[in-house]
Amino acid sequence: MTFRPRLNKNTLVFGGVAAWGLLLISCVAVNRTMLAPPYIAGANLVGNKGCAECHSEVTDHFSSSTHAKVALAEGNVGSTGCEACHGAGSLHVKAGGTRSTIVNPGKSPEACFQCHLDKRGQFNLPNAHAVATGQMSCSECHDPHRGNAIKGTGASLHTQNESCTECHTAQKGPFIFKHNAMKEGCTSCHNPHGSVNQKMLNAPDSNLCLQCHATGSSPGQLFAGGRDHAGNPVNGSCWAAGCHEGIHGSNVSHALRY
Amino acid sequence: MKSLNFVLRTAGLASGMALLSIPVAAAEADAFPAFDTNYITFSAGGADIDGSKAAYQARTRNAKTGAAGIEDMRFDYDLKDKTTLSVNGRALAGQEDYLLSFKLTKEEVGSVEVGYKTFRTFYDGAGGFFPIGNVWMPLFSRPLYVDRGQLFVQGTIVMPKAPVISFKYTHSTRDGRKDSTIWGDTNLTGIPILAGPGAVNPIAASRKLLPTYVDLDETNDAWEVSVRHKVGNTSLVVSVGGNSIENRNVREMQQNIGELAPFPAPVFTAPTVNNERAGSPRRTTMTQRHEEDGYHASATFETAMNDKVTLFGGLQYHTADVEIGLSRNFRATIASATGVREYAGGFVNTGATARAPYHVVAQGDLEFDVLTGNFGARFTPSPNLAIETALRGERWEDSGRNLADYSSQGVTLATGAVTSYAAQGQHGVNNVEKPWTPTLDVRYTGIKNVALYASWEYRTAKQNEHVRYEGLNGQTKRTELDLIGKNIEETHSNAKVGFSWAINPALNLRAELFTKDHENDFAGYDDVVGRDYALNYDIYGTKLTAVVKPTNAVSLTSRYVLQRGKSAIFHSGLTTNGVINGTVDGNDSTRHNFSEGVTWNVSKAVYVQANGSVVFDQIQTMYPWISGNAKRNLRNSDNNYVTADAAVGFSIDRNTSGLIQGTYYRANNYDASYAAVGMPLGASAQETTVSVGVRRKLTEKTVLSAKLGYVDSKNATRGGYADFRGPLAYVSVQHAF
């Protein structure tokens, strides 16, 4: 006989009661401080000036950052833009800069998720970069300290796609036959934060392509570009085998086949 | 009755929450030790999974075998002369997650760090599920995973009153097999095939379901040296670097595996239902080689002219040479009068219009040069006003050529005669692009507790792209005109405006409106003079955020993101029968994302965190305005989902903490009825995880953690073949020295 635990109503009710019981006991029995992450127990705000004493290479440029735009001064300590993400810094300053007294969003996305709640949900989807499991961090694609948080936008010397192609070099090109959607950015087709669809695609089917490739058609026809594709969605996606597999670009096929 | 139960349970929970809210007298905090250095954490974890272990690995990123080893370690050694050696490490066998780095830091001199890290990502190799015939074809039993590794050497020399010199070298690799969504055909769908007299190939049953995979072998060596120095009020950064990419990726695609069109073809009287296997099994092994050697150099400056004006700018040059090579090894198995044989580039030769799937070998080279510059100014005319404006310019040029040898074998079924075709095609590209992008950013904080901001960027680009294509059309080489040009013009305007308002310590509101208006015009589209294609798309929306702190112990964050997208597509010069030139609606998409987060420090001993997102996402393209069979075969694309997670952390005694966690995910976009007329199907799944953990301080230097959990995942999109469930366990010991 195999034990197969199931998540049924009884499990939830009894489990819940047991859990709440434990919590009640803990409330009356202990007084040790428990704080929800990413907060620092016992720390107070010190303001950006305190941070600049050691981290001037970061704070010098912070005023140009996307995050600086929403930062406001607080109380007697002035701007607390740094501590909005890194947690209150008094213990960190007092300890001379130890790691355990400050929140490091580069190690855990929890600090970012405090405001970017929608991204927390996306990173928990089945198809997402490995941020929720800690193998990647938000700062690999975003610069929270300088300029636009989305790297490569605005007047930056870099381009937005470089964040992606730094790792995904096979999709970088250049190719002899380009897919100009790449110029609009990888995010034209992919959601890098996560998607319900495989490969983080914004849509699992031909709609992904038809957003840009629809053409006026006679009744019963579905023109994409210069050809009727009415029968093709029956079989599968536009990029399925035998069709436009070289969707990031091709060196032999004008129609982006491999 | 169900609703009564729900009410009772809800009431019970509410009573519990109310009890928990009773304030408890505060006592001295007795925090757990937080080890900064000289500690090591051993851990082991595993699961007893019932169902698809491959899906479990892909979804959770955990190895089905479990993992054990050193989860984290750090040691710092004080050497003589104000020098410190730091060692970081991780070694989780099973998970194949490793890190080892050494960092030597000397005060007022700098640091150097050497290390290697790698982690493994799993894939399940699943293709599509076809609900009508309950068809699921897991062709590949071999493990699918990719190891991403990086060897790194980096350092900084920071001497007093001297330029700061930084250097970095990385050797990055991606090695292993991963799945792909480029699925292959099958006729084994269980759909009765309506065949006419003499028909061999099915006309309606084929679906692209067969899984495919890519064998990755990628390396990227990159180095950069930069010098940063401040002279007076000017900061200068000069960098040089290079990279060398070597990719040799092999894609394995299969079509109609397990089928064979019989010879002689069975004769039917129409309409006849035929369930015979009726394809030509085809295997394609596609190898792509990309070897790139590139160099870049850049220089940037930032000068504070006075308290109110700062100028900045820079130049960057990037050049690279690329060798490209590819082979498409295509083999088809065909039954003819001479029996069943495999042919390279094989196809059934039905005459001059037969479309051959060619065997290809090609080799060539590409080069690109990119010169980018920017210049801007930052003004702060008053302490409450900051204005930044800049201009970016770029000249991108790439060119290349590729010589392809095509070959195929046409088989005449009635005789078994084979006709070999061979052709050579020269492909080429010359492309020059010149975008200009002015930008403007404004921030104003002159209103008490309010920050107002706006930003705008406007990119215009003119691009001239000439391509040469000598591909194949039917059995013979297409006589493509040489170097037909495509003139591309882009106009991209992106803008946003928003505010952050701290109404009081308990309430902060943020709102942002954003818009993108992009137009891309392609004159000479598809290499035809006089043909024009213009894509105009607008994206607009809003982000609304409210942070509410009704008490010092409670924080609620609400966020709503609305994004609407519309595109209009214009075509002229198309002459194919049935096509209508003019403007059509290409896209009308809507996404509503509601997210809520709650953090409640119930007492000094208990906290509760909960987060959730509800998303309604639909992409609509041609479905509203096409008709007949075309409309029957297309649907809007729904990508809705719900995610939630909750955690309750609490103290059990002075030395023990508990943590109860749960997660939930549900997507319901699957419409099995659509399988009759279209593929692939939308994503539907439901997942729940629960876990209970404890953390106990054994001594001042040793902490024990343990966690038990359960995961249950059901995936309707894959017909239940990727479901998994089972208990999870994890234990760790952290010890400081």
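Chain letters run A, B, ... following the sequence lines, proteins first and then strands; every chain starts at 1.
- The CD1 atom of B/Ile619 sits 6.5 Å away from atom CG of A/Leu208, with the distance rounded to the nearest 0.5 Å.
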- prompt: What's the verdict on side chain to side chain contact (heavy atoms under 4.5 Å, CB included) for B/Ser172 and A/Glu166, showing C-alpha distance, side-chain angles and the deciding distance?
  reply: CA-CA 10 Å; B/Ser172 306; A/Glu166 191 176 332; over 6 Å; no

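- Contact check for A/Pro233 versus B/Met679: no side-chain heavy atoms found under the 4.5 Å cut-off.
- Distance OH/B/Tyr665 to CG/A/Asn124: 11.0 Å, rounded to 0.5 Å.
- Counting heavy atoms from C-beta on, the side chains of B/Ile488 and A/Asn180 come closer than 4.5 Å.
- Side-chain atoms of A/Asn251 and B/Leu366, non-hydrogen and from C-beta on, do get closer than 4.5 Å to each other.
- Taking 4.5 Å as the limit, some side-chain heavy atom of A/Phe177 sits within range of a side-chain heavy atom of B/Val467.
- At a cut-off of 3.5 Å, with distance as the only test, no side-chain donor of B/Ser613 or A/Asp118 sits close to an acceptor on the other residue.
- A donor atom on one side chain and an acceptor atom on the other are found under 3.5 Å apart for A/Asn207 and B/Thr621.
- Summarising the geometry, atom NZ belonging to A/Lys69 is positioned 13.5 Å from atom OG1 belonging to B/Thr445; distances are rounded to the nearest 0.5 Å.
- If you measure heavy-atom distances from B/Thr439 to chain A, the contacts under 4.5 Å come from the side chain alone.
- The CD atom of B/Glu457 sits 6.0 Å away from atom OG1 of A/Thr153, with the distance rounded to the nearest 0.5 Å.
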message: For B/Asn247 and A/Thr169: C-alpha separation, side-chain torsions, deciding distance, then whether side-chain hydrogen bond (donor to acceptor under 3.5 Å, both in side chains) applies.
response: CA-CA 8 Å; B/Asn247 293 343; A/Thr169 55; 3.0 Å; yes

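- Under the 4.5 Å side-chain criterion, counting only non-hydrogen atoms from C-beta, A/Arg120 is not in contact with B/Ser595.
- Closest approach of A/Pro204 and B/Asn639 over heavy atoms only: CD-OD1, 3.6 Å.
- Contacts between B/Asp398 and chain A at a heavy-atom distance below 4.5 Å involve the side chain alone, from C-beta outward.
- Side-chain polar atoms of A/Glu184 and B/Asn520 form a donor-acceptor pair below 3.5 angstrom.
- Only the side chain of A/His61 has a heavy atom closer than 4.5 Å to any heavy atom of chain B.
- Residues B/Arg635 and A/Asp205 are not paired through a salt bridge, judged by the lack of any N-O separation under 4.0 Å between the basic side chain and the carboxylate.
- Here the closest non-hydrogen pair linking B/Tyr469 and A/Val252 is CE1-O, 3.5 Å.
- Between A/Ala241 and B/Lys208, the closest heavy-atom pair is O-NZ, 2.7 Å.
- The two atoms that bring B/Arg61 and A/Gln135 nearest to each other are CD-OE1, 3.9 Å, heavy atoms only.
- At least one side-chain heavy atom of B/Leu634 sits under 4.5 Å from a side-chain heavy atom of A/Leu210.
- With rounding to the nearest 0.5 Å, the separation of CD1 in B/Ile182 from SG in A/Cys238 is 12.0 Å.
- Across B/Ser627 and A/Pro219, no two heavy atoms sit closer than the pair OG-CA, 3.3 Å.
- Counting only distance, with no hydrogens or angles, the side chain of B/Asn633 and the backbone of A/Val234 share no donor-acceptor pair below 3.5 Å.
- Residue with the most contacts toward chain B among A/Gly231, A/Ala95, A/Ala130, A/Ser64: A/Ala130 (heavy-atom pairs, distance under 4.5 Å).
- For the residue pair B/Tyr537 and A/Gln211, no side-chain donor N or O sits within less than 3.5 Å of a side-chain acceptor on the partner.
- Contact of the A/Gln221 side chain with the B/Val579 side chain is not registered, since no non-hydrogen atoms from C-beta on lie closer than 4.5 Å.
- Counting heavy atoms from C-beta outward, B/Arg174 and A/His168 have side chains that approach closer than 4.5 Å.
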message: What verdict does the side chain to side chain contact (heavy atoms under 4.5 Å, CB included) test give for B/Met622 and A/Leu222, after you've listed the backbone C-alpha separation in whole Å, the side-chain angles of each residue and the deciding distance to 0.1 Å?
response: CA-CA 8 Å; B/Met622 299 172 79; A/Leu222 191 160; 3.8 Å; yes

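- In terms of heavy atoms, A/Cys115 sits closest to B/Arg559 at O-NE, 3.4 Å.
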- request: Go through B/Thr181 and A/Trp239 one step at a time and tell me if the side chain to side chain contact (heavy atoms under 4.5 Å, CB included) criterion holds.
  value: CA-CA 8 Å; B/Thr181 54; A/Trp239 57 93; 3.0 Å; yes

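- The contact between B/His290 and chain A is made entirely by side chain atoms (from C-beta outward), counting heavy-atom distances below 4.5 Å.
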task: Please lay out, stage by stage, how A/Gln122 and B/Thr643 fare under the test side chain to side chain contact (heavy atoms under 4.5 Å, CB included).
output: CA-CA 8 Å; A/Gln122 290 171 351; B/Thr643 64; over 6 Å; no

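- Note: A/Ser218 OG to B/Ile626 CD1 = 12.5 Å, rounded to the nearest 0.5 Å.
- With a 4.5 Å cut-off on non-hydrogen atoms, B/Thr284 does not touch chain A at all.
- One side chain, A/Ser100 or B/Asp36, offers a donor N or O that lies under 3.5 Å from an acceptor on the other.
- Taking chain B as the reference chain and counting heavy-atom pairs below 4.5 Å, the highest number among A/Ala203, A/Cys212, A/Ala230, A/Ser63 is found for A/Cys212.
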